[in-house]
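All values below were derived from every heavy atom in this structure, side-chain atoms included, with hydrogens, water molecules and symmetry-related copies excluded. Whatever order the structure lists ligands and atoms in, that order sets their numbers, starting from 1.
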Amino acid sequence: MSSKSSGGALRLVLGDQLAASLSALRDLDPAADTVLMAEVMEEATYVRHHKQKIALTFAAMRARAEALRAEGVTVRYVSIDDPDNSGSIAGEIGRAIDAVSPARVVRTASGEWRLEALLTAFEQTQRLPFEVREDDRFLCSRADFTQWAEGRKGLTMEWFYRMMRQRTDLLMDGDQPAGGVWNLDHDNRHGPAKGLRPPTNPRTPPSAATKAVLAQVAARFEGHFGSLEAFAWATTPQEAQAEFDWFLDHALPGFGQWQDTMMSGETWMWHAGISTSLHLGLLDPLAVCRAAEGRWRDGRAPLNAVEGFIRQIIGWREFVRGVYWLKMPEYGLRNALEADRALPWFYWSGETDMACVADVVDQVREHAYAHHIQRLMVTGNLAMLLGVAPAEINDWYMVVFADAYEWVELPNTHGMATFADGGIVGSKPYAASGAYINRMSNYCRGCRYDVKGRLQDDACPFNALYWDFLDRHEARLAASGRLLMPYKTLSRMDPEERRRIRAKAEATRQAMGAVPREA
Ligand code: DLZ
Ligand code: SF4
């Protein structure tokens with residue numbers, strides 16, 4: 001390290017810390033400080049992210065660096081092609097310390113446990129002071145979540161959500177929920193009506209700067225999953241705001257009613273598609289909720305749509321982040337259902353006759369996106385019913401989605417979709433047979449499988465797998481009381497029928513390549 005200090009602070013801005021309000025940049029002195037941003041192989045490859053996720057991150061980082069420079073801030077920006085690039089965030093902090101000789105380093109806490117552990121270990125080897133600030137882009141701090149969770153028997157999202165409604169005063173009339181009910185989810189579970197047409201979402205065509213990043217990513221990350229062709233993500237706050245404004249006008253009014261609906265070939269439906277922008281810091285969570293609330297108060301969107309939208313952000317998004325930091329690192333190792341199978345190859349290739357799964361895989365390859373029910377009830381549900389090992393499921397979710405960060409992915413997948421956490425996030429597994437997918441989508445009409453069949457050759461694979469799943473986990477799940485109806489049906493089944501279901505399910509797993517991982 002050079003002995004002469006510049007006297008200023010070195011301020012680290014990670015790839016998903018692009019908000020103007022970032023805590024690490026508060027009190028920044030443009031005359032003395034240097035902002036460090038670095039595109040590094042370690043972050044681009046710790047999982048083999050979808051090419052679009054890497055391109056989005058780099059394009060958004062570069063745009064942020066330009067915006068800071070335009071404000072007169074000194075930015076040390078290390079691009080992925082820089083021959084001196086050390087390949088890691090810690091390495092780049094080290095190089096910047098040598099080059100700039102700051103008096104101290106200031107950073108906002110990382111979103112992921114993995115990177116926070118790496119940076120903390122690095123800091124312990126250094127002599128100058130490091131200041132790590134809270135990521136206050138979230139509305140509930142880690143300390144507040146811990147306090148909320150303390151002494152509770154279980155962590156129920158609904159109670160957390162109500163507390164957050166009161167705290168933010170969103171959709172409140174005094175101390176009562178607007179409209180008299182906290183949660184209107186029961187109005188939001190419609191399957192596709194005949195002739196239903198989603199609005200055409202224009203998304204964001206790539207700018208010249210983004211196109212340059214796309215070319216670089218195509219060359220350097222060729223072996224990663226996914227196509228770059230349909231890249232249409234917002235990379236700046238302005239683009240993100242334009243996408244969100246489109247959502248408010250054209251999709252929010254139908255968002256409630258159709259938020260669980262799935263339609264073949266339809267990616268965005270009535271969803272906002274703003275998760276990447278929220279996670280990167282291009283949009284502010286409270287501001288988007290207030291804008292949505294305004295639409296209801298002006299009579300331009302129904303309450304079930306607005307309440308559903310706000311619940312996703314101040315309820316689920318904050319809740320899963322709280323659970324993640326409360327429970328890590330032990331959380332990631334849980335495997336409550338002792339699932340040990342390999343993930344079928346068609347999760348990557350899309351080569352399956354299951355129309356629902358093929359549609360979702362094709363969609364994620366092209367758009368790095370699927371909506372919550374596609375993730376939960378198609379790919380998540382199937383992986384859970386097959387008994388796929390949590391590590392393989394989590395890896396797939398981290399790879400294929402542009403909005404996947406471990407703090408949000410792990411509780412959603414490990415907790416909600418596959419029950420690997422044993423009931424911390426969800427009180428029961430979201431297991432479903434083909435009947436659910438048939439009710440909520442138009443997939444089954446175009447599928448070679450018979451959604452009503454159970455044992456014959458062309459029976460929908462979800463069906464035998466569903467009953468076999470309940471059968472295999474009866475000791476653990478029947479007692480909970482949350483799956484009373486299906487266990488009643490199972491108990492009335494002829495033992496011979498149960499045996500056939502088990503055999504059919506195992507043959508299905510073998511045919512799909514969902515074999516024990518040791519084999
Ligand atoms: C996701 C990502 C990628 C692909 N690349 C970078 C990078 O090159 N430099 C960087 O600072 N951040 C990157 N990120 C985001 C980080 O992985 C993210 O900050 C951590 O996972 C914590 O959420
Ligand atoms: Fe999916 Fe089964 Fe419907 Fe085919 S029949 S689309 S496999 S749920």
Provide the number and element of each atom of ligand 2 under 4.0 Å from a heavy atom of Cys447.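 Reading through ligand 2 atom by atom, the close ones are 4 (Fe), 5 (S), 6 (S), 7 (S).
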Atom indices of ligand 2 within 4.0 angstrom of Cys444 heavy atoms, with elements: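 With Cys444 as reference, the close atoms of ligand 2 come out as 3 (Fe), 5 (S), 6 (S), 8 (S).
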Looking at ligand 1, does any of its N/O atoms fall within less than 3.5 Å of an N/O of [X]?
{"X": "Ala38", "result": "yes"}
{"X": "Leu115", "result": "no"}
{"X": "Glu112", "result": "yes"}

Which residue and heavy atom of the protein sit nearest [atom], plus the separation:
{"atom": "atom 8 (O) of ligand 1", "result": "Val40 N, 2.8 Å"}
{"atom": "atom 1 (Fe) of ligand 2", "result": "Cys356 SG, 2.4 Å"}
{"atom": "atom 23 (O) of ligand 1", "result": "Asp16 OD2, 2.6 Å"}
{"atom": "atom 6 (C) of ligand 1", "result": "Glu43 CB, 3.4 Å"}
{"atom": "atom 14 (N) of ligand 1", "result": "Thr57 CG2, 3.7 Å"}

Trp348 vs Trp345 aromatic rings, parallel, tilted or perpendicular, using cut-offs 30° and 60°?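 Ring orientation of Trp348 relative to Trp345: tilted.
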Would you call the rings of Phe401 and Tyr397 parallel, tilted or perpendicular, where under 30° means parallel and over 60° means perpendicular?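 Tilted: the ring planes of Phe401 and Tyr397 meet at 30° to 60°.
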Which of the ligand 1 atoms, numbered from 1, are nearer than 4.0 Å to a heavy atom of [X]:
{"X": "Phe58", "answer": "5 (N), 8 (O)"}
{"X": "Tyr405", "answer": "23 (O)"}
{"X": "Tyr46", "answer": "17 (O), 21 (O)"}
{"X": "Gly15", "answer": "10 (C), 11 (O), 12 (N)"}
{"X": "Leu14", "answer": "11 (O), 19 (O)"}
{"X": "Ser110", "answer": "22 (C)"}
{"X": "Gly111", "answer": "22 (C), 23 (O)"}

Is the count of non-hydrogen atoms from other residues, nucleotides or ligands lying under 6.0 Å from [X] atom [atom1] greater than 12?
{"X": "Lys428", "atom1": "NZ", "result": "yes"}
{"X": "Asp457", "atom1": "CG", "result": "no"}
{"X": "Glu222", "atom1": "CD", "result": "no"}
{"X": "Glu229", "atom1": "CD", "result": "no"}

Of Arg500, Arg498, Lys504, which is the lone residue that meets salt bridge (Lys or Arg N to Asp or Glu O under 4.0 Å) with Asp471?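 Answer to the salt bridge (Lys or Arg N to Asp or Glu O under 4.0 Å) test with Asp471 among Arg500, Arg498, Lys504: Arg498.
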Residue-level breakdown please: for [X] versus ligand 1, do any non-hydrogen atoms fall below 4.0 Å on the side chain, on the backbone, on both, or on neither?
{"X": "Met61", "value": "side chain"}
{"X": "Ile89", "value": "side chain"}
{"X": "Arg114", "value": "side chain"}

Verify whether the ring centers belonging to [X] and [Y] lie closer than 6.0 Å.
{"X": "Trp407", "Y": "Phe138", "result": "yes"}
{"X": "Trp268", "Y": "Tyr369", "result": "yes"}
{"X": "Phe145", "Y": "Phe160", "result": "yes"}

Taking 4.0 angstrom as the limit, do Glu243 and Arg203 come out as a salt bridge?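 Counted as a salt bridge, because a side-chain N and a carboxylate O are separated by less than 4.0 Å.
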Under 4.0 Å between a Lys/Arg side-chain N and an Asp/Glu carboxylate O for Arg95 and Asp98?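 Here Arg95 does not pair with Asp98 in a salt bridge, since their nearest N and O are not under 4.0 Å apart.
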Looking only at heavy atoms, what is the nearest atom pair of Met512 and Leu386, with distance?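 Heavy atoms of Met512 and Leu386 come nearest at SD-CD2, 3.7 Å.
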Does any N, O or S atom of Cys460, backbone or side chain, fall under 2.8 Å from atom 2 (Fe) of ligand 2?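 Cys460 does place an N, O or S atom closer than 2.8 Å to atom 2 (Fe) of ligand 2.
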